[in-house]
Amino acid sequence: MASEEKNRLGDKFKDVEAAREDQWARQRDAELLESMRKKRMEQIACPHCKQILEPKTEAGIQMMVCPTGEGAWLDAPALKALLESHKSQK
Ligand SMILES: [Zn+2]
């Protein structure tokens, strides 16, 4: 019983490790995309405070974030991806 429990924990740990590597790969892809995007993205001013929005990737979702924290702007594919990931978490 005890060793069975241990094996199960071991399997779970492996799953976590695999998920972490997957996450890391996705994060790296997102960072590459973000750096490409930064190069071609024109500077956009926040409609509220007129500060230049900063490109940012959160959980693999690319967005333009107001540096004063007033909000974030997502293009349609990013918004769709966000909604999809929200749905799948339920
Ligand atoms: Zn702002």
Side-chain angles (χ1 to χ4, degrees):
M1 179 61 189
S3 72
E4 193 186 301
E5 195 76 9
K6 211 172 199 177
N7 284 340
R8 224 183 293 155
L9 277 176
D11 285 349
K12 198 154 206 176
F13 188 70
K14 265 182 244 164
D15 286 351
V16 170
E17 286 287 290
R20 224 179 259 163
E21 273 171 35
D22 189 44
Q23 174 85 31
W24 179 82
R26 257 185 291 163
Q27 180 71 27
R28 203 182 53 160
D29 284 354
E31 276 165 9
L32 279 172
L33 280 170
E34 188 178 317
S35 67
M36 280 163 65
R37 176 175 273 225
K38 260 182 202 165
K39 275 178 204 158
R40 67 185 162 91
M41 185 82 78
E42 335 163 30
Q43 294 196 319
I44 304 165
C46 172
H48 291 288
C49 64
K50 312 297 178 203
Q51 297 284 314
I52 299 300
L53 298 177
E54 295 167 355
K56 199 178 173 188
T57 302
E58 283 283 354
I61 309 292
Q62 293 175 343
M63 58 187 81
M64 299 297 287
V65 179
C66 171
T68 64
E70 287 185 51
W73 282 258
L74 283 74
D75 59 20
L79 184 59
K80 200 175 169 210
L82 179 67
L83 291 171
E84 286 300 318
S85 74
H86 185 67
K87 258 186 245 168
S88 67
Q89 272 168 21
K90 277 185 182 168

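Numbering of ligands and ligand atoms starts at 1, following listing order. Predicted, not measured: the structure shown is a model, and the values here were computed from it.
- Checking Gln27 against Glu31 by side-chain atom types alone, a donor-acceptor pair falls below 3.5 Å.
- The line from OG of Ser85 to NZ of Lys80 is 13.0 Å long, rounded to the nearest 0.5 Å.
- Between Gln62 and Ala78, the shortest heavy-atom distance links the atoms O-CB, 3.3 Å.
- Atom CG in Leu74 sits 10.5 Å away from atom CD in Glu58 (nearest 0.5 Å).
- Taking NZ of Lys56 as the start and CE of Met64 as the end, the distance is 12.5 Å to the nearest 0.5 Å.
- Smallest separation of non-hydrogen atoms from Glu70 and Cys49: OE2-CB, 3.0 Å.
- For the Zn ion (ligand 1), the nearby protein N/O/S atoms, meaning those under 2.8 Å, are Cys46 SG, Cys49 SG, Cys66 SG.
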